[in-house]
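Start at 1 and go down the list; that is how both ligands and their atoms are numbered.
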Amino acid sequence: MKPINSFVTAIAAVLVLIAAQHASLAAGRGPRVVIVGAGMSGISAGKRLWDAGVRDLLILEATDRIGGRMHKHNFSGVNVEIGANWVEGVNGDKINPIWPMVNDTLKLRNFYSDFDGVVSSVYKENGGLYDEEYVQKKMDRGDEVEELGGKLAAKMDPSGRDDISILAMQRIFNHQPNGPATPVDMALDYYRYDYEFAEPPRATSLQNTEPTATFADFGEDAHFVADQRGFETLVYHIAGQYLSTDNAGNIVDPRLKLNKVVREILYNRRGVVVTTEDNSTYSADFVIVSTSLGVLQSDLIQFKPQLPAWKIIAIYRFDMAVYTKIFLKFPRKFWPTGERKQFFVHASSRRGYYGMWQSFEEEYPGANVLLVTVTDQESRRIEQQPDNTTMAEAVAVLRRMFPGEDVPDATDIYVPRWWSNRFFKGSYSNWPIGVNRYEYDQLRAPVGRVYFTGEHTSEHYNGYVHGAYLAGLDSADILMNSIFNNVEFKVRGKYHDQTAEAK
Ligand SMILES: Cc1cc2nc3c(=O)[nH]c(=O)nc-3n(C[C@H](O)[C@H](O)[C@H](O)COP(=O)(O)OP(=O)(O)OC[C@H]3O[C@@H](n4cnc5c(N)ncnc54)[C@H](O)[C@@H]3O)c2cc1C
Ligand SMILES: *[C@@H]1O[C@H](CO)[C@@H](O)[C@H](O)[C@H]1NC(C)=O
Ligand SMILES: *[C@@H]1O[C@H](CO)[C@@H](O)[C@H](O)[C@H]1NC(C)=O
Ligand SMILES: *[C@@H]1O[C@H](CO)[C@@H](O)[C@H](O)[C@H]1NC(C)=O
Ligand SMILES: *[C@@H]1O[C@H](CO)[C@@H](O)[C@H](O)[C@H]1NC(C)=O
C-alpha cells in the first residue's frame with residue numbers, strides 16, 4: 001500500500017469515473033459493483049446482491065478458476081482436496097448453513113471423522129505405539145485444562161483487554177513455563193490446537209477459541225468431503241444460481257472474468273476504478289474486495305488513496321496462518337487400517353514435525369495414499385525445499401514409526417504451496433491475542449466505496465468455509481444497507497458493552 005505516485009493516472013481515472021457515473025445514471029441501471037476474487041465469499045456476496053436486485057455485477061478473479069481456497073487436485077489418479085476438506089460444525093443446535101447444500105442438495109460424498117481413535121494411534125519417534133491408557137490419561141488432562149481455560153475465558157472482559165494466549169492459560173493450570181514438553185504431550189497439544197488453528201498455542205487467543213463458535217453453535221462433528229467432483233462444487237453451485245453456465249456446468253457468464261489480477265483500486269466519493277495487471281480498467285460505483293488477509297497484507301493491490309491508518313493497522317494485526325496438506329502415494333499399504341485407525345500421530349521430539357497422519361481406506365479405496373499435515377514454521381520450511389527432500393523426510397519418519405514393516409519408497413508427492421502463492425499468502429486467518437469485536441469490525445468495515453469480505457471478516461467463524469459463505473452475505477448486506485437504506489456501517493467501540501447484546 002503505497003501513496004499515489006502518479007497524479008496523471010489519478011486525474012485521468014477521476015475523469016473516467018465521472019463519465020461512468022453519468023453513463024450509469026443515463027441508463028437507469030442500479031449500482032455497478034465489482035467483486036475482487038471468486039472464492040466462496042466473493043461468490044456468496046454476488047449471489048446476495050443478485051437476489052436483492054443488484055444486477056450490474058462484475059467479478060474479477062486472478063486465477064483461471066473459481067473456488068479459491070477450495071480446490072481439488074488430481075493426485076495419482078484421485079481427486080484430493082488441497083484446500084478446505086471438512087465441513088466443520090455438524091450435528092449441533094444450529095444448522096451449519098453449508099451442510100444442507102453439501103449433504104442434501106449436492107450429495108457430496110462425505111465421511112464422519114472419528115477422532116476418538118487418536119489415543120490408540122500415537123507412535124513413538126523410534127517405533128511402536130504408546131500405551132492407549134497412558135495416552136488417554138494425557139488426553140483427559142488436556143480436556144480438563146481446556147475446560148478450565150473456557151471458564152477462565154468466560155470471566156474475562158469482553159473487550160479483550162484481559163485476553164491471554166492458550167499457552168499462558170496452560171501455564172496457569174499446568175505450571176510448565178514452556179507448555180507441554182514431552183514428545184507425546186507435544187503431539188497431543190499439536191493435535192488439539194495447531195491442527196485446528198494452524199498456529200501454536202503461543203500465538204492463539206484464549207478468548208477467541210474457548211469456546212470455538214463453530215463447534216459451540218453448529219456441533220462438534222466434522223465431515224470429510226471426499227467426492228471426485230470436489231468440495232469446490234459447492235462454490236460452483238452457488239455461482240450457478242446467478243451466473244449462466246453451459247451444459248457441462250462451466251460458467252460462461254461475461255460477468256465473471258478469470259485471469260484478471262487486480263493491482264490497483266482507486267476510490268473517491270463518486271466511484272471506483274479497478275485496474276488489473278493487463279492494464280484493463282473497470283469503473284464502478286462500489287468494489288468488494290474478497291482476497292485473503294494474506295493478500296491484503298502483501299502489496300499486490302494498491303489502494304489509492306492509501307487506506308486510513310486504522311484500517312491498515314486492523315489488516316496487519318491479524319495473522320494469516322499456514323496449514324499444509326502433504327499427500328504421499330505408496331505402491332502398497334503398510335499402515336494399519338480399520339476402525340479408529342484412520343488418524344495416527346507421530347510423537348516427535350521436534351514439535352509439529354510430520355505429526356498428524358491420515359489414511360483413506362474408505363474415502364479413496366485402493367489408492368494407497370497418506371496425508372500428513374504440517375503448519376506454521378514447518379509449512380514455510382517445507383514450501384521452500386524441493387519436494388523430493390520432503391518425500392525423503394516423510395518416508396524416514398514412517399520408517400522409524402513402523403520399524404517392523406518394510407516401508408517402501410513413496411512413488412509420488414504433492415505439496416500445496418498456499419503460503420508462497422501470491423493470490424493466497426497462507427491458508428486462513430487466526431485471531432491474535434487481545435482482539436475483539438472492535439478490531440474485527442474495523443477489519444470488515446468499508447472505507448468509502450471500498451467494501452471488504454472474506455473468511456477473515458466473518459464475525460464468529462473465521463478460518464472456515466461457512467465463515468467465508470456467511471461473510472459474503474454480511475458484506476453484501478452492509479453495502480446494500482448503505483445504498484438503499486442510507487445506513488452506514490458503524491464500528492462499535494472496543495469497550496462498548498457487548499455482554500448486553502451477546503446471543
Ligand atoms: C489448506 C487449507 C485447509 C483448509 N481446511 C478447511 C476445512 O477443512 N474446513 C473449512 O471449513 N475451511 C477450511 N479452510 C478454510 C477455507 O478454505 C477458507 O476459509 C475459504 O475457502 C476462504 O474463502 P474466501 O472467499 O474468503 O477466500 P479465497 O478462497 O481465498 O477467495 C479469494 C479469491 O481472490 C482471488 N484473488 C486473490 N488476489 C486477487 C487479485 N489481486 N485480483 C483478483 N483476484 C484475486 C483468489 O485467487 C481467490 O480465488 C482451509 C483452507 C486451506 C488453505
Ligand atoms: C487424473 O489424471 C489421470 C492422468 O492424467 C487421468 O487418467 C484420470 O482420469 C484423472 N482422474 C480424475 C479423477 O480426474
Ligand atoms: C447426510 O445425508 C444422508 C443421506 O444422503 C443421511 O443419511 C445422513 O443422515 C445425513 N447426515 C447428517 C449428519 O445429516
Ligand atoms: C501496463 O502499463 C504499464 C505502465 O504503463 C506498463 O509498464 C506495462 O508494460 C503494461 N502491461 C501490459 C500487460 O500491457
Ligand atoms: C532431489 O533431487 C535432486 C535433483 O534431481 C537431487 O540432486 C537430490 O539429491 C534429491 N534429493 C533427495 C533427498 O533425494
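- Residue Val78 places every heavy atom at 4.0 Å or more from ligand 2.
- With sequence neighbours excluded, no residue forms a ring-ring contact (aromatic ring centres under 6.0 Å, His included) with Tyr195.
- By the 3.5 Å distance cut-off applied to N or O atoms, Asn74 is counted among the residues near ligand 2.
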Return a table of donor-acceptor pairs under 3.5 angstrom between the side chains of residues 78-86 and protein atoms on other chains or two or more places apart.
residue: Asn79; atom: ND2; partner: Gln228; partner atom: O; Å: 2.9
residue: Glu81; atom: OE2; partner: Phe231; partner atom: N; Å: 2.8
residue: Asn85; atom: OD1; partner: Lys325; partner atom: NZ; Å: 2.8
residue: Asn85; atom: ND2; partner: Val225; partner atom: O; Å: 2.8
residue: Trp86; atom: NE1; partner: Ser113; partner atom: OG; Å: 2.8

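- Ion pair Lys72/Asp227 not flagged as a salt bridge, since none of the NZ, NE, NH1 or NH2 atoms sits closer than 4.0 Å to an Asp/Glu carboxylate oxygen.
- With respect to the salt-bridge test (charged N to carboxylate O, under 4.0 angstrom), the residues Glu277 and Arg422 qualify.
- Below 4.0 Å from some heavy atom of Asn388 lie the following atoms of ligand 5, by number and element: 1 (C), 2 (O), 3 (C), 8 (C), 10 (C), 11 (N), 12 (C), 14 (O).
- For ligand 2, the atoms sitting less than 4.0 Å from at least one non-hydrogen atom of Gln228 are 13 (C), numbered in the order shown with element in parentheses.
- No side-chain donor-acceptor contact under 3.5 Å links Ser348 to the backbone of Arg351.
- For Phe111 and His223, the gap between ring centers reaches or exceeds 6.0 Å.
- Contacts of Asp412 classified as salt bridge (Lys or Arg N to Asp or Glu O under 4.0 Å), with partners at least two apart in sequence or in another chain: none.
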Filter the ligand 3-protein atom pairs down to N or O on both sides and distance under 3.5 Å, then list them.
residue: ligand 3; atom: 2 (O); partner: Asn103; partner atom: OD1; Å: 3.3
residue: ligand 3; atom: 2 (O); partner: Asn103; partner atom: ND2; Å: 2.3
residue: ligand 3; atom: 11 (N); partner: Asn103; partner atom: ND2; Å: 3.1
residue: ligand 3; atom: 14 (O); partner: Trp99; partner atom: NE1; Å: 3.4

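- Arg444 and Asp474 are joined by a salt bridge, as a carboxylate oxygen and a charged side-chain nitrogen come within less than 4.0 angstrom of each other.
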